[in-house]
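Here is the structure we will look at.
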Amino acid sequence: MNGFFITFEGPDACGKSTQINLLKNYFQDKGYDVVVTREPGGTLISEKIRALILDKENKNMSYKTEALLYAASRAQHIDELIKPSLLQGKIVICDRFIDSSLIYQGIGRNLGIDKIYNLNLFAIEDTLPDITIIFQIEEEEIQRRKNRRKNLDRLECEKDEFHKKVYEGYKILKDIYPERIKNVDANGTVKQVHERIIKLIQNAMEK
Ligand SMILES: Nc1ncnc2c1ncn2[C@@H]1O[C@H](COP(=O)(O)OP(=O)(O)OP(=O)(O)O)[C@@H](O)[C@H]1O
Ligand SMILES: Cc1cn([C@H]2C[C@H](O)[C@@H](COP(=O)(O)O)O2)c(=O)[nH]c1=O
């Protein structure tokens, strides 16, 4: 595949969407063909699965069902949008991908990282990101950013203990996949974080 696949990861409200927007503009100004997408979601079917997963009414959803739905949404996303776009040589920027499942379902739900990875292999086959940027941010700053939100989804409404496990999980993921994953300091202004991200991506694209 000739395209370049970038994923953004981190705890809820860490600033990913804000930075993805800036990165898209950065690449488009340089003349690249860019696809911005998200998980769960990115295609009609995957967005329907997203609505099901994040619906606060679905309080009884089992953790296994949740993990399978995220993987199902991903399978559709890969087959319908991500793989074809990469084959066309595009830059694909995705807000969350398999690492969210490893952390939220593997660690947060205690299903185990290895089990969730293997489950997702069926969905993604050989398509892994060229670079994954994980936002590392002070917990107090996340809280400040979250407080601005009005409507919280099913996952955002989870107990503090769940979010703490997710937060700690994101700190150790780079140790498991040191080649693919780069941590970024997501504290500071939007511009400062953008500049840090550009440096990491330029390095990865030069390799
Ligand atoms: N560097 C920054 N400094 C201060 N506020 C920021 C910064 N980056 C983003 N924000 C604000 O923090 C909030 C969350 O940002 P954003 O929606 O980009 O996060 P996100 O990671 O995409 O969230 P989620 O994954 O939960 O949807 C928004 O109100 C946004 O304006
Ligand atoms: C892909 C993916 C996501 N999640 C969680 C993470 C967030 O709480 C929501 C998605 O909402 P966002 O506003 O788009 O960040 O879903 C997850 O638990 N597992 C996954 O694989």
Side-chain angles (χ1 to χ4, degrees), residues 1 3 5-12 14 16 20 35-87 92-135 153-159 161-183:
M1 275 185 238
F5 185 21
I6 303 167
T7 59
F8 277 55
E9 290 283 351
D12 294 333
C14 63
K16 293 178 282 81
I20 285 173
V35 172
V36 170
T37 185
R38 68 171 180 180
E39 288 210 345
T43 71
L44 191 65
I45 292 171
S46 308
E47 288 290 336
K48 286 184 181 174
I49 300 174
R50 177 189 176 94
L52 187 66
I53 301 173
L54 298 181
D55 185 349
K56 272 188 286 192
E57 298 286 302
N58 292 330
K59 288 191 183 70
N60 293 336
M61 186 179 291
S62 84
Y63 296 167
K64 282 194 283 183
T65 304
E66 182 184 283
L68 287 163
L69 285 174
Y70 277 115
S73 151
R74 185 161 299 130
Q76 184 67 30
H77 193 202
I78 284 274
D79 289 351
E80 192 180 334
L81 182 66
I82 296 178
K83 252 189 178 174
S85 303
L86 291 172
L87 283 168
V92 177
I93 308 174
C94 189
D95 190 339
R96 300 192 179 283
F97 192 60
I98 186 171
D99 300 299
S100 284
S101 283
L102 302 183
I103 298 298
Y104 283 79
Q105 282 65 57
I107 295 179
R109 300 302 199 198
N110 282 328
L111 293 177
I113 289 193
D114 289 345
K115 203 182 258 180
I116 296 298
Y117 185 78
N118 288 326
L119 168 76
N120 274 276
L121 273 188
F122 179 65
I124 67 168
E125 295 173 346
D126 56 350
T127 307
L128 272 169
D130 293 294
I131 181 170
T132 296
I133 310 266
I134 297 189
F135 284 47
D153 63 39
R154 191 175 64 85
L155 272 281
E156 286 168 329
C157 290
E158 277 295 340
K159 296 189 189 101
E161 188 196 334
F162 173 78
H163 290 291
K164 182 77 187 165
K165 279 198 262 179
V166 166
Y167 182 80
E168 295 301 327
Y170 273 121
K171 286 208 233 166
I172 55 125
L173 207 61
K174 187 183 182 310
D175 299 334
I176 306 179
Y177 306 106
E179 281 301 306
R180 172 173 65 84
I181 291 182
K182 304 292 166 213
N183 287 333

Residues that Phe8 engages under ring-ring contact (aromatic ring centres under 6.0 Å, His included), provided they are two or more places apart: Phe135
Which residues pass the side chain to side chain donor-acceptor pair (under 3.5 Å) test with [X], sequence neighbours left out?
X	value
Ser100	Glu9, Arg96, Tyr170
Thr43	Ser46
Gln76	Glu80

Of all residues at least two apart in sequence or in a different chain, which pass the side chain to side chain contact (heavy atoms under 4.5 Å, CB included) check with [X]?
X	value
Lys64	Ser62
Ile116	Ala67, Ser101, Leu102, Gln105, Leu111, Leu119, Asn120
Asp130	Phe4, Phe5

Who passes salt bridge (charged side-chain N to carboxylate O under 4.0 Å, His left out) against [X], sequence neighbours left out?
X	result
Glu168	Lys164, Lys171
Lys16	Asp95
Arg38	Glu47
Glu66	Arg109, Arg154

Distance-only criterion, 3.5 Å: show the donor-acceptor pairs between side-chain atoms of residues 51-60 and protein atoms not counting sequence neighbours.
{"unit_1": "Asp55", "atom_1": "OD1", "unit_2": "Glu57", "atom_2": "N", "d": "2.8"}
{"unit_1": "Lys56", "atom_1": "NZ", "unit_2": "Leu152", "atom_2": "O", "d": "3.2"}
{"unit_1": "Asn58", "atom_1": "ND2", "unit_2": "Leu52", "atom_2": "O", "d": "2.7"}

